[in-house]
Amino acid sequence: MGAGSGSGGRREPSLHQLRLFLVLAQELHFGRAAARVYVTQPAFSQQIRSLEQRLGVVLVERGGRSVRLTPAGRSVAEEARAVVDAMARLRQAAGRHVGAARGLLRIGSLGAEAAMPYAQAILAHLRGRHPDLEIEVRNLTFLDMFSTLLSGEVDAAFLRGPLPGGIQSLHLASEARVVCLSDDDPLADRDVLTLDQLAERTVVDMPPEVPRSWWNHLTVNPRPDGTRVRFGPVVRDTEAMVLAVTQGGAITFLPAAARRLYPRAGITYVDCPELGLSTAELAWLPDHRDEPAVSALREAAHQTVRQPGSTPADSAPDA
């Protein structure tokens, strides 16, 4: 029998699937459960079906998006909670024996977030305090920015809010957001734009795997007057987003730092105060917060954002 196989050759359930099932057991609604962990409802449903296949039992009675736990589902929910709690205790026990932060810390970065001054200051502080800690920074796309953190592929991540439920974070900085337009757009020569002036513009879109609520928030969809945003080309990362604008036919919204990080021939950035602020966050899972490497990163971030000239604000979930 291969590693990870159960009876009859079935694969064992993953810890990620057990966590998702516990959320469903609480919400008893696929849509709400999926929104709570910031994944699409089809992707969430597929994970639950995969869990049922691996266990060989039906866990939920489906009736639209609302569900009821089967007797097997109620039993599995109790054991799943015990498994998740036991894994958290295992990590804590291992961390106590490791002591100082050593080993590998995997940090995700949405686009150029790890290149921002606050992120660079945090990483420099961390390396100075923990020279034996190996730090690996992984580039994240819009597709995997939340899923890699939720699945444990990265230990923490530099992201842009709003963040999904179930993730703790430290607020690092806030900045204005701007409109990115093609140079030949008639509005490109304005100093300031309003959402009304942009009403007829097509906006770059996200793939269906990206939580819709996240992109709707950042594109102000619907607009204050109730009109819906007209979406256009679909992109997976910031480079592709900027390229789509240079090719004409669409605009997008980015943090003001994009002026420095993504200067490109053929595009212009214009202020639009109605877009509100973009928030930079250092994020991690509650189960991982006390692991030595993650704890060291959190401490480095706390120390850094308290320095003069920084933005010393904690988000409420960091508890």
Check whether [X] reaches the backbone of [Y] with its side chain - one donor and one acceptor, N or O, closer than 3.5 Å.
X: Gln120; Y: Ala114; value: yes
X: Thr70; Y: Val58; value: yes
X: Arg289; Y: Trp284; value: no
X: Glu175; Y: Ala257; value: yes
X: Asp155; Y: Val294; value: no
X: Arg138; Y: Glu153; value: yes
X: Glu52; Y: Leu59; value: yes
X: Arg177; Y: Leu218; value: yes

>> Going by the rule side-chain contact (heavy atoms from CB on, under 4.5 Å), which residues pair with Ala199 if we only count those two or more places apart in sequence or in a different chain?
In response: none
Do [X] and [Y] pair up side chain to side chain, a donor and an acceptor below 3.5 Å, judged on atom types alone?
X: Asp290; Y: Ser295; answer: no
X: Thr227; Y: Asp225; answer: yes
X: Ser45; Y: Gln41; answer: yes

State the [atom1]-[atom2] distance between [X] and [Y], to the nearest 0.5 angstrom.
X: His16; Y: Leu51; atom1: NE2; atom2: CG; result: 11.0 Å
X: Arg49; Y: Phe44; atom1: CZ; atom2: CZ; result: 12.5 Å
X: Asp185; Y: Leu193; atom1: CG; atom2: CG; result: 8.5 Å
X: Asp184; Y: Asp189; atom1: CG; atom2: CG; result: 11.5 Å
X: Leu297; Y: Thr304; atom1: CG; atom2: OG1; result: 9.5 Å
X: Leu181; Y: Ile267; atom1: CG; atom2: CD1; result: 9.5 Å

> Is Arg223 salt-bridged to Glu274, going by a charged N under 4.0 Å from an acidic O?
Replying inline: no
> Should the heavy atoms of other residues, nucleotides or ligands under 6.0 Å from CZ of Arg230 be counted, would the total exceed 12?
Replying inline: yes
For [X] and [Y], which heavy atoms make the closest approach, and how far apart are they?
X: Trp214; Y: Gly161; result: NE1-O, 3.7 Å
X: Cys180; Y: Val245; result: O-CG1, 3.7 Å
X: Ala157; Y: Ile107; result: CA-CG2, 4.3 Å
X: Gly152; Y: His288; result: CA-CE1, 4.4 Å
X: Ser174; Y: Leu277; result: CB-CD1, 4.1 Å
X: Ala156; Y: Leu149; result: CA-CD1, 3.9 Å

> Within 45° of the ring axis of Phe231 and under 6.0 Å from its six-membered ring centre, is that where the NZ or CZ of Arg212 lies?
Replying inline: yes
With side chains defined as the heavy atoms from C-beta onward, is the minimum distance between [X] and [Y] less than 4.5 Å?
X: Leu187; Y: Val270; answer: no
X: Tyr118; Y: Glu113; answer: yes
X: Tyr269; Y: Leu254; answer: yes
X: Gln17; Y: Arg54; answer: yes
X: Leu69; Y: Leu24; answer: no
X: Phe146; Y: Leu140; answer: no
X: Val178; Y: Leu275; answer: no
X: Val210; Y: Met145; answer: yes

>> Run the side-chain contact (heavy atoms from CB on, under 4.5 Å) test on Arg190 and Gln197 for me, step by step, so that the C-alpha distance in whole Å, both residues' side-chain angles and the decisive distance to 0.1 Å come before the verdict.
In response: CA-CA 11 Å; Arg190 304 291 181 93; Gln197 291 172 310; 2.9 Å; yes
Same cluster for [X] and [Y] if Ile/Leu/Val/Met/Phe/Trp/Tyr side chains link at under 4.5 Å?
X: Met87; Y: Leu18; answer: yes
X: Met241; Y: Val234; answer: no
X: Val60; Y: Leu22; answer: yes
X: Leu243; Y: Leu143; answer: no
X: Val76; Y: Leu28; answer: yes

> Where do Phe253 and Val204 land on the side-chain contact (heavy atoms from CB on, under 4.5 Å) test, with the steps shown first?
Replying inline: CA-CA 9 Å; Phe253 308 127; Val204 171; over 6 Å; no
> Which pairs count as side chain to side chain donor-acceptor pair (under 3.5 Å) when at least one residue sits in residues 250-264, sequence neighbours excluded?
Replying inline: Glu239-Arg264, Arg259-Asp271
> Are Thr141 and Asp144 close enough, and set up right, to give a side chain to side chain donor-acceptor pair (under 3.5 Å), and what steps lead you there?
Replying inline: CA-CA 6 Å; Thr141 68; Asp144 59 11; 3.3 Å; yes
> Can Leu126 and Leu105 be said to form a side-chain contact (heavy atoms from CB on, under 4.5 Å), step by step?
Replying inline: CA-CA 11 Å; Leu126 183 64; Leu105 175 66; 3.7 Å; yes
>> Could you go through Met206 and Val235, starting from their C-alpha distance and side-chain angles, then the distance that decides it, and tell me whether this counts as side-chain contact (heavy atoms from CB on, under 4.5 Å)?
In response: CA-CA 6 Å; Met206 295 283 117; Val235 300; 3.9 Å; yes
>> The test is salt bridge (charged side-chain N to carboxylate O under 4.0 Å, His left out); show your working for Glu209 and Arg236 and say whether it passes.
In response: CA-CA 10 Å; Glu209 295 86 352; Arg236 292 170 174 254; 5.5 Å; no
